[in-house]
Undergrad: 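Take a look at the following structure, please.
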Amino acid sequence: MKLILVGIASALLLSIIVGLSRVERGPTPADRMLAAQLFGTTGVAILLLLAEAMETPALRDVALVFALLAAMAAVAFVKRAWHPGPGESEKGERP
Amino acid sequence: MTTFAGLSQTDLYALAGAALFVIGLYGLITRPHLLHKVLALNISSGGVFLVLVGIARRVPGPVPDPLPHAMVLTGIVVTVSSTAFALALAKSIYTETGHAVLEPDDLEETGEVSRG
Amino acid sequence: MTLTSWIFDIVLVGTLVWLAVRVLAEVKLFKSVVLYIAFGLLVALAWVRLAAPDIALAEAAIGAGITGALLLDAAGHMRGRSQPYASASDEPSAGGDMDA
Amino acid sequence: MSVIDVVSVLLLVAGTFFFLAGSTGVLRFPDVYTRLHALTKADNLGLGFFVIGLSLRADSWVVVVKMVLIWALVIVAGATAGHLVAEAARTSGVVPWRKPR
């Protein structure tokens with residue numbers, strides 16, 4: 001049973017690695033950030049699986065923090081990192 | 001602890017930590033942009049932490065040694081603080097000079113490097 | 001258990017080293033930062049595999065979360081490419097000096 | 001393996017399918033908005049399957065409640081982040097993709 005759980009976790013890890021290629025070739029910064037969101041959700045799933053397979057209940061708390069972290073990165077990205085380019089509409093908030 | 005070709009799981013992660021430290025050090029020296037230098041510093045500190053936690057697993061028994069864990073926890077906090085400070089410095093350098101790349105001219109102006 | 005855990009560990013470690021090289025070889029600042037956030041998430045998974053959930057918690061909360069937010073802020077402040085020995089213009093000329 | 005184990009593994013495999021579908025969508029879809037759609041829908045559904053499948057094997061109710069709360073947090077955070085990113089993309093002038101005739 002543990003073998004199956006760790007095998008599924010490995011499949012999810014491979015899915016993360018496949019998703020990395022979207023970071024490599026996303027035309028806009030939003031595409032790259034979106035791939036980071038994908039890693040957050042998949043990381044939560046991997047942690048829940050490993051908490052069951054390794055019999056470590058503390059990993060569910062780590063999964064909770066992972067879920068929070070993805071949202072924080074997205075907010076930081078939208079508010080601080082992504083300004084519209086010079087040729088586009090100038091509606092972003094520059095400090 | 002299972003071994004595979006004479007290599008335990010701990011050894012695998014410790015070797016990866018050494019590799020990460022070397023990659024980070026090389027990047028810290030060769031990359032000219034300040035943000036890349038901060039990233040390289042973070043990566044090499046992650047390598048050091050991997051080696052330390054690998055050392056913690058080498059005591060016999062299921063429970064790892066708590067002392068390297070405490071050191072790594074402290075190190076993570078210190079790394080985050082120094083990263084925040086370095087980024088604030090880099091941002092003010094960018095605001096002052098208009099670029100955040102360490103050029104040879106910058107060193108020449110302060111008299112650190114004399115050519116010929 | 002043993003063979004699948006070994007596959008998981010080897011894939012995780014290989015991805016970590018590859019990501020570290022990619023973060024430092026990348027010319028675009030924002031891409032580097034996003035790759036570093038992914039690197040931080042995978043390092044947290046490595047702590048989990050090393051039976052250190054306390055360090056995984058700290059790394060996920062402040063190592064990857066706060067550092068990622070700070071780096072995104074800094075990358076938005078100084079945007080553009082990291083050209084070696086060039087002025088801070090946004091000219092799209094690839095100037096990486098590290099081939100990897 | 002008991003019946004519960006078989007059902008649990010089936011649910012986990014279904015969840016893995018949805019995760020892989022989400023990754024494929026993020027890779028294959030043509031613009032930001034459709035990629036957000038694949039990301040926030042397919043992955044949250046896959047995580048739901050994982051939570052149900054792991055709840056069948058859980059020891060106590062506390063674990064089940066905690067996993068359901070994690071799922072709820074992921075759904076709320078994913079919806080918020082998706083809305084923020086999509087609105088920022090629209091504001092900065094990313095044109096939605098249309099099928100070329």
Side-chain angles (χ1 to χ4, degrees), chain A residues 1 4-5 7-9 11-12 14-19 21-22 25-31 33-38 40-42 44-49 51-52 55 57 60-61 63-64 66-75 77-79 81-85 87-92, chain D residues 1 5 8-9 12-13 15-17 19-28 31-33 35-36 38-40 42-44 46-47 49-51 53-54 57-59 62-63 66-67 69-94:
Chain A
M1 192 63 207
I4 298 173
L5 290 180
I8 291 177
L12 289 184
L14 283 178
S15 143
I16 284 187
I17 294 169
V18 169
S21 70
R22 178 47 73 191
R25 38 147 232 214
T28 65
D31 292 301
M33 203 59 227
L34 196 138
Q37 297 275 307
L38 175 77
T41 318
T42 316
V44 168
I46 290 179
L47 282 171
L48 289 181
L49 277 173
E52 187 71 30
E55 288 159 5
R60 299 200 178 90
D61 299 331
L64 202 57
F66 257 58
L68 203 59
L69 187 151
M72 218 176 87
V75 171
F77 163 69
V78 168
K79 284 291 170 196
W82 196 16
H83 312 298
E88 294 158 353
S89 68
E90 203 58 48
K91 211 186 157 204
Chain D
M1 281 172 74
D5 276 354
S8 163
V9 167
L12 290 181
V13 169
T16 313
F17 169 74
F19 266 105
L20 290 178
S23 288
T24 314
V26 167
L27 281 191
R28 299 274 306 161
D31 73 343
V32 180
Y33 308 104
R35 282 177 206 138
L36 270 173
L39 175 72
T40 51
D43 276 14
N44 288 342
L47 192 62
F49 274 111
F50 271 85
V51 167
L54 290 173
R57 301 170 39 82
D59 301 326
V62 181
V63 174
K66 189 183 254 183
M67 284 198 285
L69 280 179
I70 290 173
W71 184 34
L73 178 64
V74 168
I75 287 178
V76 171
T80 313
H83 177 78
L84 280 173
V85 171
E87 190 173 359
R90 192 182 60 80
T91 311
S92 86
V94 178

Undergrad: For A:T28, is it the side chain, the backbone, both or neither that has a heavy atom under 4.5 Å from a heavy atom of chain D?
TA: side chain

Undergrad: Do the non-hydrogen side-chain atoms of D:M67 and A:V44 ever get within less than 4.5 Å of each other?
TA: no

Undergrad: With heavy-atom distances below 4.5 Å as the criterion, would you say the side chains of A:T41 and D:F19 are in contact?
TA: yes

Undergrad: Is A:A70 close to chain D through its backbone or its side chain, or both, or neither, when contacts mean heavy atoms under 4.5 Å?
TA: neither

Undergrad: More than 12 foreign heavy atoms under 6.0 Å from CZ of D:F17: is that the case here?
TA: no

Undergrad: Where on D:L27 is there a heavy atom nearer than 4.5 Å to chain A: the side chain, the backbone, both, or neither?
TA: both

Undergrad: Could you measure the distance from the CG atom of D:L84 to the CZ atom of A:F77? Nearest 0.5 Å is fine.
TA: 10.5 Å

Undergrad: Could you tell me the separation between the CG atom of D:L12 and the CG atom of A:L48, rounded to the nearest 0.5 Å?
TA: 10.5 Å

Undergrad: If you count heavy-atom pairs under 4.5 Å with chain A, which of D:V63, D:T80, D:V76 comes out on top?
TA: D:V63

Undergrad: For D:D43 versus A:T42, what's the shortest heavy-atom pair and its separation?
TA: OD2-OG1, 4.2 Å

Undergrad: Hey, mind stepping through A:V18 and D:L20 against side-chain contact (heavy atoms from CB on, under 4.5 Å) and telling me if it holds?
TA: CA-CA 9 Å; A:V18 169; D:L20 290 178; over 6 Å; no

Undergrad: Nearest heavy-atom pair of D:L36 and A:L34: which atoms, and what distance?
TA: CG-CD1, 3.6 Å

Undergrad: Please classify the contact between A:A67 and chain D as side chain, backbone, both or neither, with a heavy-atom cut-off of under 4.5 Å.
TA: both

Undergrad: Is A:L38 in contact with chain D via its backbone, its side chain, both, or neither, using a 4.5 Å heavy-atom distance?
TA: both

Undergrad: Could you measure the distance from the CG atom of D:D59 to the CD atom of A:E55? Nearest 0.5 Å is fine.
TA: 8.5 Å

Undergrad: Measuring from atom CD1 of A:I4 to atom OG of D:S8, what distance do you get when rounded to the nearest 0.5 angstrom?
TA: 9.0 Å

Undergrad: Where does A:L49 contact chain D at under 4.5 Å (heavy atoms): side chain, backbone, both or neither?
TA: both

Undergrad: Please flag which part of A:P29 lies under 4.5 Å from any non-hydrogen atom of chain D: side chain, backbone, both or neither.
TA: neither

Undergrad: Supply the atom-to-atom distance A:R22 CZ to D:L39 CG, rounded to the nearest 0.5 angstrom.
TA: 11.5 Å

